[in-house]
Every structure is written in structure tokens, then in C-alpha cells.
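In each ligand, atom 1 is the first atom listed, and ligand 1 is the first ligand listed.
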Amino acid sequence: TMAPQGSRAPLEFGGPLGAAALMLLLPATMFHLLLVARSGPARLLGLPPHLPAPAALWSPGALLLWLTWLGLQAAFYLLPARKMAEGQELKDQSRLRYPINGFQALVLTALLVGLGVWAGLPLGMLTEMLLPLAWVATLTAFIFSLLLYLKALMAPASALAPGGNSGNPVYDFFLGRELNPRFGSFDCKYFCELRPGLIGWVLINLALLAQEAELRGRPSLAMWLVNGFQLLYVGDALWHEEAVLTTMDITHDGFGFMLAFGDLAWVPFTYSLQAQFLLYHPQPLELPTASVICLVNAVGYYIFRGANSQKNTFRKNPSDPRVAGLETISTATGRQLLVSGWWGMVRHPNYLGDLIMALAWSLPCGVSHLLPYFYLLYFTALLVHREARDEQQCLQKYGLAWREYCRRVPYRIVPYIY
Ligand SMILES: NC(=O)C1=CN([C@@H]2O[C@H](COP(=O)(O)OP(=O)(O)OC[C@H]3O[C@@H](n4cnc5c(N)ncnc54)[C@H](OP(=O)(O)O)[C@@H]3O)[C@@H](O)[C@H]2O)C=CC1
Ligand SMILES: CC(C)=CCC[C@@H](C)[C@H]1CC=C2C3=C(CC[C@@]21C)[C@@]1(C)CC[C@H](O)C(C)(C)[C@@H]1CC3
């Protein structure tokens, strides 16, 4: 069942050794961050003051809560959707259909949580369960990727991802063999990419805010800002859910440990780091500074949304009046590349906006600690690496036209710098 072109695809992420190292390093980093955030010194580069006892990691209650959460989000996914969207064309010329009801899932979750809090549910208690929850999320991601690896052994060659089929089990387990593993119409990768992790992230943030209110009488301004900015980001992702169908995660990468762990564990437990830090290390924030930080987030969001929407509108319908006036380069595939507007400024304007927002999420935490800036550092590395991967894929897709685009738009992410 091995895809012939898959076996020739160049290895990414440092090959099997790199994949094995990342499989240990990523969970270790996540637990390091969780432990350090609650420690007094909160040193990103120091050792956590103590390692948790196995009893602090394992809790049947956390397992039950986690499985209930996954089940609830899966049920919301299966509810009737306002729209069914078609994905990109696959190797066998077919297109998969996806429900567009992610925002509906966010609203239903908010209603359910609101009802629970009104009925006396101690939301803040969730913050006491972060370690065991992160542990069961990691275990679930591991077991799930193992099942997906086995499922892919029976998948036809046309269903396999371009990478992830090298024949090396460690590498393929990490990257994922099957492109769009499904059980009936339930698409595992699409579900995991946007629902349990992203909605879980804002729920954890909210629990940290509730716990701060419980401990200190009311949430701090810094905590409000972090919650507000990240809720906007998650709400935006779910509102524009259809756009995720053209990201490389859906169109190119298989569904293996990297994405399963990334979606289910890494996103909710490390992306909530700033709010975790603020609960244990309250930071003073004056209104004028807060206003400047809001402005930074607004600028980042404006660029991020403007760039992503411009590309999505153009890809859907190049003669849409909002993009019809933009300059383009034709490619041999029949598709065109934008060379003016946002995409004429740098080759990844959406990454630039995303990075500016990442800065705005850390600034409310002050400058006394490096820890809250972890997301900004990690995200810079992720986007630089992602940009290089995308560049390779575009060069393969568009050849000379891509080289011409690079000549006309020489900077990748930051104008005149990178
Ligand atoms: N918060 C997080 O952890 C993460 C967030 N992100 C965000 O996700 C979003 C999507 O990112 P990602 O999937 O990496 O990539 P992009 O949305 O940037 O998509 C890249 C693709 O866009 C098309 N494209 C590139 N240049 C042009 C052009 N000039 N004109 C028209 N089309 C062009 C090409 O595909 P084609 O030609 O086939 O359409 C290319 O492969 C970004 O905003 C990113 O910041 C990403 C990763 C992690
Ligand atoms: C370090 C590690 C475990 C790597 C896995 C990477 C994943 C965490 C990210 C890969 C691409 C992602 C995207 C989003 C979240 C992070 C992951 C899963 C995203 C859903 C965030 C919200 C955005 O608006 C988005 C929808 C554009 C984005 C898509 C890519």
C-alpha cells in the first residue's frame, strides 16, 4: 500500500532521528512549561523546582473529564451544519466534504459552560487539574496516532500523504501516513485541528481567569487582555473554518503524532501559558500601557485577517471585485499568484500578523520573566520552518513562476529584514 512517490519524498524534520527526538522533546517541553509556570521563580531556562509524583499526573477524574470533552465536541461536530464545504482536489480527483459548524460548537460550548457556572460548577477547579489533563491528552494523542498508523496500513495508495510514507515506522508514525483519515464522514484531522484543542485552550484560559477572581477578588487587567486576545483568535479561526481546508496541515501533511499531539495537547496546554503565568505571578498593568498593547494586537489581527481573507477570496474567485484589481503572475498550473496587495508586501504577510499578535499576548505579562514569551519564540521558529516547507512545495508546484514571485517579492515574513 506504499505510495511510490511517497517513498521518494525528501525527509523533513531531521528524518527518523529528528522525529524520535521531537516525540520526546515536545511532551517534555509541555510538562516543563506547566510546572515552571506555577513555580515561584518561573524560569523558562531553569529546571522545575520538583518533578511531579506519578499520583499528581494520573487521575481517573481527569481521564473521564477529557473523554467527556472529546465526546461533547464530537457530538457538536455531528450536529447539522449551516454549510458543507468541499476540500481541495485529491490524488484520485475526488473532493471530500466537511461540515462548517465550528463556530456553532464554540457557542454551544459557551452556553453549556455558562449554564454550568450558573448552576454552581467550580470552573476555577479546572486549573488544579491541568497536569493530569495534559497527561491524559498526551496519552490519547499517542494511542490515537498508533491506531491511525495501523488504519493507514489498510488504506489505498491514493489516500496516503505525500510525506509520512518513507517506510521508516518512527518517521511515518510521527508525520502521519494517511492524509485524511475518516470513520464514515467523520474526518479525524479536520475535527482535531479546530475543535477540542482550540476551544479547550480558551476554556482553560477562562478557568484561569475564574480562579484569579476567586483568589484575588477580581481578574487582573492583564488576565482580561490575554483572555480577550486569544478568544478573538480562536473565534476568528472557527468563524473562518473553511479556510483551514487550504492549509498545508489539511492538504499536505498526514495525520500522525505531530498533529494529533499538537492539536490535542500542545495547543490547549502550552498556548494557555500566559494565563497560567498570570495566575501564579500577577502583573500590574496600567490603562495607557494596556491601550498600546490592544493597538499592537489590533494591528497584528488586521494584517493576519486581511492577508488570509485576500488570499482565500482570490483562490475562491479571482474575479471577485475585492481582488480583481490586484496584480498577478500566471503559472503553468493555470492558477495565479498575487504580487500586489498584502501578498506583494512579503511572501507570508499572514505570518507577520500572527507574530505581531503573539507579541501582544505576551506583553501583558510584563518584562520581568522570559517564560510568557515562550509562545513568541516557539512560534517564530515554527513559522520560519513552515515558511521554508511551504516555499519548497510552491517551488515544486509553480517552478519558474514561483522564482519570479520571489524576485518580485524578495522578503519572506518581515519587510526589509527577513
Ligand atoms: N497559531 C498557530 O499555531 C499557527 C498558525 N498558523 C497560521 O495559519 C495560517 C495559514 O498558514 P499556512 O497554512 O502555513 O499557509 P498560508 O495560508 O500562508 O498558505 C500558503 C499557500 O498560499 C498560497 N500562496 C502563497 N503565496 C501566494 C500568492 N502570492 N498568491 C496566492 N496564493 C499564494 C500557496 O498555495 P496555493 O497556491 O496552492 O493556494 C501556498 O502554499 C497563517 O495565518 C498562519 O499564521 C499556522 C501554523 C500554526
Ligand atoms: C510543536 C508541534 C506539536 C507542532 C504541531 C503544530 C501544530 C500545533 C500547529 C500546526 C498548524 C496549526 C494551526 C493552528 C493551530 C496550531 C497548529 C495545529 C490554527 C488552527 C490556529 C488558528 C488559526 O487561525 C489557523 C486556523 C489558521 C491555524 C491553522 C494551523
What are the atoms of ligand 2, with element, lying closer than 4.0 Å to any heavy atom of [X]?
| X | value |
| --- | --- |
| F304 | 24 (O) |
| L26 | 1 (C), 3 (C) |
| R386 | 10 (C), 11 (C) |

Nearest candidate to atom 10 (C) of ligand 2, where distance is taken over non-hydrogen atoms, out of V234, D249, D263, L194: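 Answer by nearest heavy atom: D249.
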Of the listed options H385, E193, M248, closest to atom 29 (C) of ligand 2 (non-hydrogen atoms):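 That would be E193.
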R195 to F103, cation-pi by 6.0 Å centre distance and 45° axis angle: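 Ring-cation test returns no.
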Where ligand 1 meets C394 - atom numbers and elements under 4.0 angstrom, heavy-atom basis: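 The atoms of ligand 1 under 4.0 Å from a heavy atom of C394 are 34 (C), 40 (C), 41 (O).
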Distance filter under 4.0 Å to M248 heavy atoms, resulting ligand 1 atoms: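 Near M248, the atoms of ligand 1 are 13 (O).
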For ligand 1, the portion of Y375 having any non-hydrogen atom under 4.0 Å away: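 For Y375, only side-chain atoms sit under 4.0 Å from ligand 1.
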For ligand 1, the portion of V409 having any non-hydrogen atom under 4.0 Å away: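 For V409, no heavy atom sits under 4.0 Å from ligand 1.
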Min heavy-atom dist Q393 to ligand 1 below 4.0 Å: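 For ligand 1, residue contact (heavy atoms, under 4.0 Å) with Q393 is absent.
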Atom 13 (C) of ligand 2: any protein heavy atom closer than 4.0 Å: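 There is a protein heavy atom less than 4.0 Å from atom 13 (C) of ligand 2.
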Any non-hydrogen protein atom less than 4.0 Å away from atom 1 (N) of ligand 1: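 For atom 1 (N) of ligand 1 the answer is yes, since some protein heavy atom falls inside 4.0 Å.
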Centroid-centroid distance, Y411 to Y416, less than 6.0 Å: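 Centroid separation for Y411 and Y416: below 6.0 Å.
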